[in-house]
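This structure is in structure tokens; I'll ask about it shortly.
Just follow the structure's listing: the first ligand is 1, and inside any ligand the first atom is 1.
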Amino acid sequence: MNKVSKPWGGRFTEPTDAFVEAFTASVSFDQRLYRHDIEGSKAHARMLAHVGVISVDECDKIIMGLDQIQEEIETGHFNWSVALEDVHMNIEARLTELIGDTGKKLHTGRSRNDQVATDIRLYLREEIDTLGAELVRLMHGLLDQAERYAATIMPGFTHLQVAQPITFGHHLLAWYEMLERDRQRLMECRTRVNVMPLGSAALAGTSYPIDRAYTAELLGFAGPTQNSLDSVSDRDFAIELNAAGALMMTHLSRMAEELVLWTTSQFAFISLPDRYCTGSSIMPQKKNPDVPELVRGKTGRVHGNLIALLTLMKSQPLAYNKDNQEDKEPLFDTVDTLSGSLRAFADMIPAIEANEHTMYAAAKQGFSTATDLADYLVRHGLPFRDAHEVVGQAVRYAADKHCDLADLSLTELQDFSYHIQEDVFEVLTLEGSVAARNHIGGTAPQQVRAQIIKKRAELEAL
Ligand code: ARG
């Protein structure tokens with residue numbers, strides 16, 4: 001090499017300061033991109049041979065060398081060097097060590113700037129597919145549980161106070177809807193990840209007769225990016241993935257919060273199997289819902305990573321700046337957090353057992369069928385506001401008696417309105433209340449079952 005032993009050391013007269021070398025190096029974390037870096041390099045070498053910039057022989061040697069490097073890395077025999085700064089220069093330097101001067105030709109018409117942008121896109125595309133599959137596994141689990149509990153009655157809440165009876169299946173399908181939108185966001189993000197920056201070189205493109213469409217095809221990208229300056233500098237696709245992930249974690253945290261509440265002895269709506277809980281080192285009676293709590297807590301990381309990435313990008317002038325090296329750790333952390341949280345939920349959701357009697361008893365409290373009584377009066381000719389007033393009086397009367405509306409006698413109820421007849425008790429029951437909400441989006445068991453069939457078909461068609 002040269003006297004300061006850096007691939008870029010030609011114009012330098014003194015070695016890099018030892019602290020600066022460590023401070024600027026990214027190899028400790030970007031080595032995670034080795035597979036994608038090698039994949040990108042192989043495609044680049046094939047393209048160079050395809051257009052005649054290097055010979056087919058040279059290309060074969062490069063590919064053999066890269067294969068060997070991959071093997072060395074995967075068997076733990078690769079010597080990562082901080083002096084070689086990042087994953088790209090580590091691999092390139094080893095290639096030259098292995099195959100000699102031909103290795104030095106790999107970087108023709110390329111820069112680390114377009115190389116790293118390509119590596120991250122290859123990495124993210126793969127991770128998006130893995131995350132998407134895990135999300136679908138979780139969604140299947142929700143559908144199975146929704147089917148099992150399609151007619152199970154529980155209280156629905158507003159302001160965390162009992163509001164109206166709903167079915168547990170309906171509640172689980174509400175979670176499903178959130179996750180389905182998350183899945184769509186993930187896949188929409190994928191279309192913007194799946195374009196190839198390679199060929200943009202440092203910032204302006206390259207003077208070699210490269211064929212970017214060919215490289216893009218080899219790497220399975222939809223096509224090459226359209227502006228070299230933009231390609232090497234923007235990380236909006238990574239920010240977008242993190243934003244989709246932040247919303248996904250927000251949704252998981254909402255599910256987690258309800259699971260935590262529902263496992264308390266005050267609610268006791270569900271139980272989680274022991275294998276998803278831990279105990280207390282001091283209180284022998286404790287069984288703590290650690291998995292949902294931890295997922296709820298991990299939401300903060302992903303939100304924080306989003307802010308980190310947005311701030312990293314903010315006000316950056318074109319084109320590449322070293323700032324962008326800071327994109328990797330938040331991005332990797334987000335992917336890892338999403339992957340772990342989705343896995344935990346996909347494993348745990350099918351194992352939830354509902355305590356149907358407790359749910360039912362809770363739904364009977366808080367006059368949850370009061371709206372049904374008002375709707376009944378409306379059907380008998382009262383304007384809704386008047387019906388609301390009448391039922392309000394009946395609720396106060398029942399509250400004073402410490403009983404439910406359904407526990408009042410017909411004569412007692414008729415004191416509030418002469419419209420009330422024997423059939424009122426059909427709407428005052430929880431079963432009647434949920435069954436009556438039988439329209440698209442309603443809580444009736446029949447609707448829940450219809451939704452499950454529709455959603456199963458949608459998942460099958462993916
Ligand atoms: N490690 C760098 C990064 O992650 C690779 C690109 C470096 N390019 C440069 N001109 N220093 O962004």
Side chain to side chain contact (heavy atoms under 4.5 Å, CB included) against R212, all qualifying residues, sequence neighbours excluded: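 Side chain to side chain contact (heavy atoms under 4.5 Å, CB included) list for R212, sorted by chain: M196, S200, I210, P224, T225.
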Quiz question: by atom type and distance under 3.5 Å, do the side chains of E74 and Q70 form a donor-acceptor pair?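 Yes, because at least one side-chain N or O of E74 sits under 3.5 Å from a partner of the opposite role on Q70.
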Output field: ring centroids F168/F269 closer than 6.0 Å: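 When the ring centroids of F168 and F269 are compared, they turn out to be at least 6.0 Å apart.
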Checking a contact table here: which protein heavy atom is nearest atom 11 (N) of ligand 1, and how many Å away?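 Ranked first by proximity to atom 11 (N) of ligand 1 is R112 NH2, 3.5 Å.
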side-chain hydrogen bond (donor to acceptor under 3.5 Å, both in side chains) partners of R437, counting only residues at least two apart: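 Partners of R437 under the side-chain hydrogen bond (donor to acceptor under 3.5 Å, both in side chains) test: D372, S433.
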So which heavy atom in the protein is nearest atom 1 (N) of ligand 1, and how far is it from that ligand atom?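 The closest heavy atom on the protein side is Q325 OE1, 2.8 Å.
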Shortest protein heavy-atom distance from atom 6 (C) of ligand 1, along with the residue and atom involved: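 Answer, as residue, atom name and distance: Y320 OH, 3.5 Å.
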For atom 9 (C) of ligand 1, closest protein heavy-atom neighbour: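 Answer, as residue, atom name and distance: N113 OD1, 3.5 Å.
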Note: K42-E39 ion pair, threshold 4.0 Å (strictly below):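 A salt bridge is absent here (no side-chain N lies under 4.0 Å from a carboxylate O).
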Around atom 4 (O) of ligand 1, find the nearest protein heavy atom and jot down its residue, atom name and distance.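 The protein heavy atom lying closest is K328 NZ, 2.6 Å.
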What residue and heavy atom of the protein are closest to atom 5 (C) of ligand 1, and at what distance?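 It is D86 OD2, 3.6 Å.
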Considering the heavy atoms of S26, write down every atom of ligand 1 situated less than 4.0 Å from one of them.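 What qualifies from ligand 1 is 1 (N).
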Do the side-chain N and O atoms of T250 and H303 include a donor-acceptor pair separated by under 3.5 angstrom?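 Checked: T250/H303 side chains pair up, N/O donor to acceptor below 3.5 Å.
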